[in-house]
Amino acid sequence: MSFPLLTATAALPAVGAIATAAVPAARRSAAKWLALLVSLGTLVLAAIVLVRFEPGGARYQLTESHAWIKDFGVRYELGVDGIAVAMLALTALLIPFVILAGWHDADPLETKSSRWRPTQGFFAMILAVEAMVILSFEATDVFLFYILFEAMLIPMYFLIGGFGDRAHAGTEENAAAQRSYAAVKFLLYNLVGGLIMLAAVIGLYVVAGSFSLTEIADARTSGQLDMATSTERLLFLGFFFAFAVKAPLWPLHTWLPNAMGEATAPVAVLITAVVDKVGTFAMLRFCLQLFPEASKWATPVILVLALISIVYGALLAVGQRDIKRLVAYASISHFGFIILGIFAMTSQGQSGATLYMVNHGISTAALMLVAGFLISRRGSRLIADYGGVQKIAPVLAGTFLIGGLATLSLPGLAPFVSEFLVLVGTYSRYPVAGIVATFGIVLAALYTLVLYQRTMTGPVKAEVSKMPDLRARELAVVAPLIALLIFLGVFPKPLTDIINPAVEQTMSDVQQKDPQPTVPIQNAEAAK
């Protein structure tokens with residue numbers, strides 16, 4: 001029996017979470033180092049998965065399958081395709097940086113006389129989220145995926161509500177109330193989506209007689225499973241609604257600015273760069289593969305919603321006074337691009353969307369974590385409270401600028417490649433949608449450069465005049481992310497080689513081919 005590599009990749013952070021939570025209250029530093037070492041070990045396992053995966057091989061590789069709940073046909077089934085491998089690698093890569101960036105975020109909650117271990121709990125819950133997110137990318141049993149999809153909400157709720165941002169105007173009581181509101185809103189939105197998905201999961205089992213993604217897909221391909229059109233559309237809507245809440249897609253997005261605004265910067269990265277990616281990933285894996293006809297039926301409406309997300313999110317980002325809420329609305333705009341690429345139903349669009357998920361995770365992590373370092377120094381999230389930072393903290397300002405330029409998809413940085421592919425793929429099938437989406441790029445340049453101008457340039461404000469530059473630990477967080485943004489911006493081929501075969505299989509699921517390009521010059525030459 002081969003080594004269960006996929007299980008080990010998810011089990012290590014799960015066991016690490018339990019071990020970190022069990023560290024004695026007085027050994028706060030030991031809990032931090034344990035969590036960091038576990039996350040690095042998980043990164044090593046994810047790298048082994050990446051190396052062992054063969055892009056030209058079977059669709060799902062490193063598979064595992066064991067009986068779980070026999071009476072209901074539920075199995076513990078795992079397998080990864082190119083899209084899942086990319087998302088697994090992104091998750092394992094970002095968690096060590098999240099832990100390092102949040103090294104002191106739970107310290108103020110600790111008292112010598114406390115019987116509780118809030119610091120241990122903080123890092124344990126980060127590892128628990130990592131374990132569930134990784135396993136959700138690996139799961140090929142629909143019921144197993146659903147359990148993980150819902151279970152990850154519990155530690156996230158406590159990370160937002162119990163360990164929220166302390167840089168809050170007003171009293172501590174007001175700050176606690178805002179954190180509680182954001183956490184409850186996050187939980188309720190996602191629980192409603194999850195409950196609707198549960199009904200669809202049960203309906204799928206009634207129709208297909210199985211929870212296995214591969215079995216259902218094979219039965220559909222062979223003609224053994226023939227869903228009624230109305231049934232397929234209803235099931236699709238149940239799945240898509242839950243994924244759209246998680247993604248988040250307009251108008252189901254309103255929980256995100258509250259959650260990211262009130263969470264600490266590392267937890268905000270965990271939300272938008274890791275957890276939210278489960279929603280867009282699931283659209284590719286479950287919606288398109290299980291319900292191909294319904295996916296094509298719903299495409300026009302979804303494209304409109306994605307375009308609204310792109311423009312609406314960018315417009316609201318322009319008007320924000322809070323740094324973290326600005327990044328949150330920018331992320332809503334970026335998720336609109338991802339969903340636009342998925343449902344453009346072209347290979348360029350879906351490759352770009354998958355690449356965008358990875359690049360958005362890295363760029364948002366870089367920008368938000370540097371913003372978190374900035375906010376922790378001044379104790380304020382308001383843009384107006386800053387000015388002239390580049391004169392006294394040039395490294396902080398420089399990394400903030402690179403993170404911002406990546407957010408607006410500057411050529412030479414990683415998000416440019418993915419955004420370009422999404423726009424090309426969309427335009428080739430839906431020209432009007434491709435044109436409208438480009439307005440998001442213009443607005444991104446506006447909110448990014450205005451943010452940098454107002455916080456980093458101009459006269460030095462007295463409150464920031466003694467602000468220190470980035471320290472060694474903070475540089476260790478930011479420098480690798482910046483290096484990755486540059487590397488993937490000039491050489492994305494390692495990722496696209498992994499992603500493209502999986503995208504081709506997804507295109508085959510929905511029985512779509514790329515539109516044939518028209519080349520007037522060649523036609524003219526042929527006519528001669």
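Any value given below was found using the heavy atoms of this structure, including those in side chains, with hydrogens, waters and symmetry copies removed.
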Test ring pair (Phe, Tyr, Trp, His ring centres under 6.0 Å) on Phe137 and Phe281; report intermediate values, then the result.
CA-CA 8 Å; Phe137 291 140; Phe281 165 81; 4.9 Å; yes
Could you measure the distance from the CD1 atom of Ile160 to the OG atom of Ser180? Nearest 0.5 Å is fine.
11.0 Å
Looking only at heavy atoms, which two atoms of Asp276 and Lys246 are closest? And how far apart?
OD1-O, 3.1 Å
Check whether more than 12 heavy atoms from other residues, nucleotides or ligands sit under 6.0 Å from atom CZ of Arg321, and answer yes or no.
no
In Å and rounded to the nearest 0.5 Å, what is the CG to CD1 distance from Leu307 to Ile302?
12.0 Å
Going by atom types alone, do Gln390 and Tyr452 pair a side-chain donor with an acceptor below 3.5 Å?
yes
Distance in Å, Thr426 OG1 paired with Gln348 CD, rounded so as to fall on 0.5 Å steps
9.5 Å
Above 12 or not: heavy atoms from other molecules or residues under 6.0 Å from CZ of Phe420?
no
Taking the side chain as every heavy atom from C-beta outward, state whether Pro394 and Asp469 have any atom pair closer than 4.5 Å.
yes
Taken to the nearest 0.5 Å, the spacing of Arg378 CZ from Ile323 CD1 works out to 10.5 Å
Any carboxylate oxygen within less than 4.0 angstrom of a Lys/Arg side-chain nitrogen, looking at Glu474 and Arg377?
yes
Is the closest side-chain heavy-atom distance between Ile126 and Leu159 below 4.5 Å?
yes
Does the side chain of Met197 come within less than 4.5 Å of Phe241's, by heavy atoms?
no
When rounded to the nearest 0.5 angstrom, what distance separates OG1 in Thr42 from CG in Leu127?
7.0 Å
Are Leu34 and Val38 side-chain neighbours, meaning at least one heavy-atom pair lies under 4.5 Å?
yes
Answer whether the closest heavy-atom distance between the side chains of Val318 and Val450 falls below 4.5 Å.
no
With under 30° as parallel and over 60° as perpendicular, where do the rings of Phe243 and Phe149 fit, or are they tilted in between?
perpendicular
Could you give me the CA-CA distance, side-chain angles and deciding distance for Val267 and Met156, then say whether side chain to side chain contact (heavy atoms under 4.5 Å, CB included) is met?
CA-CA 8 Å; Val267 173; Met156 287 306 306; 4.1 Å; yes
Can you confirm if the aromatic rings of Phe163 and Phe158 lie within a centre distance of less than 6.0 Å?
no
Is a side-chain donor-acceptor pair under 3.5 Å present for Tyr312 with Ser333?
no
Exam field: side chain His334 to backbone Thr407, donor-acceptor pair closer than 3.5 Å:
yes
Are any of the side-chain heavy atoms of Leu423 and Ile441 separated by less than 4.5 Å?
yes
Under 3.5 Å: donor-acceptor pair, side chain of Thr346, backbone of Gly425
yes
Met125 side, atom CE; Leu270 side, atom CG - distance, nearest 0.5 Å:
11.0 Å
For residues Leu78 and Leu135, determine if any side-chain heavy atom of one lies less than 4.5 Å from a side-chain heavy atom of the other.
yes
Do His253 and Leu316 make a side-chain contact, defined as non-hydrogen atoms from C-beta onward lying under 4.5 Å apart?
no
Looking at His360 versus Phe335, is the centre-to-centre ring distance below 6.0 Å?
yes
Could you tell me if the ring centre of Phe286 sits under 6.0 Å from that of Phe145?
yes
Can you confirm whether the side chains of Tyr356 and Glu419 place a donor and an acceptor under 3.5 Å from each other?
yes
Do the side chain of Gln350 and the main chain of Gly341 share a donor and acceptor less than 3.5 angstrom apart?
no
Decide salt bridge (charged side-chain N to carboxylate O under 4.0 Å, His left out) for Arg381 and Asp322; before the verdict, give the C-alpha distance in whole Å, the side-chain angles of both, and the deciding distance to 0.1 Å.
CA-CA 5 Å; Arg381 304 187 330 229; Asp322 183 310; 2.9 Å; yes
Are the charged groups of Glu262 and Arg325 less than 4.0 angstrom apart, N to O?
no
Quick one: which of Val327, Val269, Leu369, Leu94 gives a side chain to side chain contact (heavy atoms under 4.5 Å, CB included) with Thr364?
Val327
Quick one: closest heavy-atom pair of Pro248 and Trp255, and the distance?
CB-NE1, 3.9 Å
